[in-house]
Number of protein chains: 2
Amino acid sequence: MKRSRPLKRKTKRPEPKRPEPEAVDLRSIDDDPVVQGILTAISQKRLKPGAKLGEDKLAAAFGTTRIHIRQALAHLASRKVVMQIPNRGAFVYRPSWEEAQDVFAARRIIETATVAAAIDRLDKTGKAALKAHMELEAKHDRNDRWASLSLTAEFHILVAKLAGNKVLLDMSRELMLRTSLAIATFEQPGEPDCSPDAHPDIGALILARDKTGAIHAMRHHIEEMEQRIRPSEGEDEVDELTAIFQEIGARARAGG
Amino acid sequence: MKRSRPLKRKTKRPEPKRPEPEAVDLRSIDDDPVVQGILTAISQKRLKPGAKLGEDKLAAAFGTTRIHIRQALAHLASRKVVMQIPNRGAFVYRPSWEEAQDVFAARRIIETATVAAAIDRLDKTGKAALKAHMELEAKHDRNDRWASLSLTAEFHILVAKLAGNKVLLDMSRELMLRTSLAIATFEQPGEPDCSPDAHPDIGALILARDKTGAIHAMRHHIEEMEQRIRPSEGEDEVDELTAIFQEIGARARAGG
DNA sequence: GCGCCAAAAATTGGCGCCAATTTATTGATT
DNA sequence: AATCAATAAATTGGCGCCAATTTTTGGCGC
């Protein structure tokens with residue numbers, strides 16, 4: 001750095017030789033197992049808002065090095081899933097009450113539009129996927145709270161996928177996560193995130209191509225979730241990161 | 001790391017001593033000057049899609065160290081403003097044609113909802129801010145293409161601010177940037193991003209609290225932008241990072 | 001017993017170094 | 001002369017070390 005070269009103006013660019021990375025090797029940080037693990041733990045509410053994510057502990061838990069953990073945490077901080085405080089570390093993001101309400105308002109806007117687009121684009125493949133998911137949700141073991149939470153989120157993601165807009169899909173993913181954090185922060189404990197029969201209703205309306213009905217049902221469903229939280233503040237500590245992530249890893253390998 | 005301690009179970013947590021980071025020191029990576037500089041350069045189209053962002057060059061340009069640059073690039077990659085390819089480096093993101101269309105579709109949804117919310121919440125302060133911006137846009141030097149592009153984006157950001165939803169505001173910011181990238185990638189060169197009189201029209205409708213009209217004008221405005229791009233592929237190279245960022249830094253310090 | 005102050009431990013932040021990969025240059029071959 | 005292969009240069013990726021800050025621990029006085 002700071003070489004004392006005499007400002008060698010680069011040659012007249014003899015041939016660009018295709019320095020453009022057209023469509024290569026697009027693997028994203030989202031596929032990183034550390035990122036995935038933390039996201040899974042949060043959406044399943046094993047990691048609660050405010051929980052500290054120590055770099056050394058995470059590195060040990062995931063069996064990797066600290067620099068890798070830091071990259072993952074930085075990414076999660078960019079997505080407002082993790083809050084990083086200088087010299088203090090990373091914590092699971094805890095939204096303010098206003099922010100929690102903003103998340104639900106954004107979901108009302110985006111998911112009503114999404115469900116409409118999904119109906120417009122609905123084809124054979126989409127119908128099959130939707131039916132498959134609805135069966136999964138109907139038959140799943142309701143005692144497995146973690147599986148329930150995953151399925152619940154995946155329904156909304158599936159609708160976003162059916163809409164066929166990658167940008168909206170990413171936004172929906174982000175909003176699902178932030179909803180998890182909002183609910184985990186402000187919920188009255190014990191209640192599920194989604195009322196159990198809202199998803200079958202919405203799914204049926206989509207399959208029937210009843211756009212007005214589906215939009216209305218989706219808005220009602222989101223409002224129902226929103227009304228379940230209250231502006232209080234719950235405090236809780238979580239540790240034993242190792243155990244949590246080892247179990248998640250085992251599930252992932254087993255195909256959960 | 002890997003100390004051979006006998007699994008000392010932590011004591012029964014005598015007092016949590018408030019390990020929760022309630023509301024401290026929330027400065028975000030978004031305030032980072034490197035991030036700001038790159039974002040400004042992109043939204044002003046000084047950095048074109050596909051341009052390489054070399055770590056050493058950026059470090060020299062910003063007068064900082066490489067590790068700092070890497071953090072900034074990682075953050076920008078999380079926000080899909082920069083594309084990072086393993087072992088090859090970071091490039092200004094170049095959206096696909098489908099992705100560009102998705103961005104405009106998302107903007108139609110979000111910004112029509114945003115302008116409606118802005119009208120609902122419009123108060124004295126908001127009116128003043130809107131009028132002030134409209135004057136700025138009317139009087140500004142149209143020959144200063146970089147200032148024009150900044151003002152153009154700021155109008156949409158202002159509307160999002162008036163809506164009073166931080167989540168939607170962040171999404172609008174992201175969509176503005178991705179719009180810049182989409183237009184820069186697929187535009188016919190020479191035309192401005194926004195037609196010049198669309199913003200005054202929309203602003204007037206907001207001030208008149210004409211919700212239906214404002215929504216319609218906003219949708220039309222976005223569709224107009226969308227119809228200005230075509231699925232081609234322009235190739236172009238940009239270098240001289242140092243000059244670009246030094247000039248941006250000088251402007252920022254001078255209050256631009 | 002409670003709170004304040006100082007020392008020790010733990011954690012994060014950052015820099016330098018070096019290996020791995022890619023990119024550019026040079027030289028040989030058809 | 002153009003193509004391809006081998007070498008050299010440049011760039012990114014990652015690990016270890018150490019400084020800076022925070023958190024905990026221990027001790028003292030009120």
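Order of the sequence lines fixes the chain letters, A, B, ..., with proteins taken first and strands second; residue numbering starts at 1 for each chain. Keep in mind that this is a model prediction, so the values were computed, not measured. FYI, side chains are in, hydrogens and waters are out, and symmetry mates aren't considered; it's all heavy atoms of this structure.
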Walk me through whether Val103(A) and Leu181(A) qualify under side chain to side chain contact (heavy atoms under 4.5 Å, CB included).
CA-CA 10 Å; Val103(A) 167; Leu181(A) 291 174; over 6 Å; no
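With values rounded to the nearest 0.5 angstrom, Ile42(A) atom CD1 is found 11.0 Å from Gln44(A) atom CD. Interatomic distance, Ile38(A) CD1 to Asp32(A) CG, rounded to the nearest 0.5 Å: 8.5 Å.
Under the side chain to side chain donor-acceptor pair (under 3.5 Å) criterion, the residue pairs touching residues 98-107 of chain A are Tyr93(A)-Glu99(A), Trp97(A)-Gln101(A), Glu99(A)-Arg178(A), Arg107(A)-Glu111(A), Arg107(A)-His156(A), Arg107(A)-Thr179(A), with sequence neighbours excluded.
In this structure, the side chains of Lys48(A) and Val92(A) stay at 4.5 Å or more apart for every pair of heavy atoms.
The distance from atom CD1 of Ile67(B) to atom P of dT12(C) is 15 Å, rounded to the nearest whole Å. Rounded to whole Å, atom P of dT23(C) lies 16 Å from atom CG of Asp56(B). Spacing between atom CG of Leu73(A) and atom C1' of dG13(C) amounts to 14 Å, rounded to whole angstrom units. Between the C1' atom of dG14(C) and the NE2 atom of His68(B) lies a distance of 11 Å, rounded to the nearest Å. Distance CD (Glu55(B)) to C1' (dA10(D)): 12 Å, rounded to an integer number of Å. One can place CD of Gln84(B) at 10 Å from C1' of dT12(D), the figure rounded to the nearest angstrom. Note: CG (Leu53(B)) to P (dT11(D)) measures 14 Å, nearest angstrom. When the P atom of dC15(C) is taken as reference, atom CD of Gln71(B) falls 9 Å away, rounded to whole Å.
When atom types are taken as modelled, the side chain of Arg230(A) and the backbone of Gln227(A) share a donor-acceptor pair closer than 3.5 angstrom. Side-chain atoms of Arg66(B) do not come within 3.5 Å of backbone N or O of Glu55(B) as any donor-acceptor pair. At distances below 3.5 Å, at least one donor-acceptor pair connects side-chain atoms of Ser78(B) with backbone N or O atoms of Ala74(B).
For dG14(D), its base never sits under 3.5 Å from the side chain of Arg66(A) at any donor and acceptor pair.
Regarding contacts with the backbone of dG14(D), every side-chain N or O of Thr65(A) stays at 4.0 angstrom or more from both OP1 and OP2.
Rounded to 10 degrees, the angle separating the terminal axes of the helix from dG1(C)-dC30(D) to dT30(C)-dA1(D) is 10°, with each axis obtained from five end pairs.
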Polar pairs (N or O, both sides) under 3.5 Å between protein and nucleotides 19-23 of chain D?
from: dT23(D); atom 1: OP1; to: Arg88(A); atom 2: NE; distance (Å): 2.4
from: dT23(D); atom 1: OP1; to: Arg88(A); atom 2: NH2; distance (Å): 3.2

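Using a cutoff of 4.0 Å between basic side-chain nitrogens and carboxylate oxygens, Arg79(A) and Asp30(A) are scored as salt-bridged.
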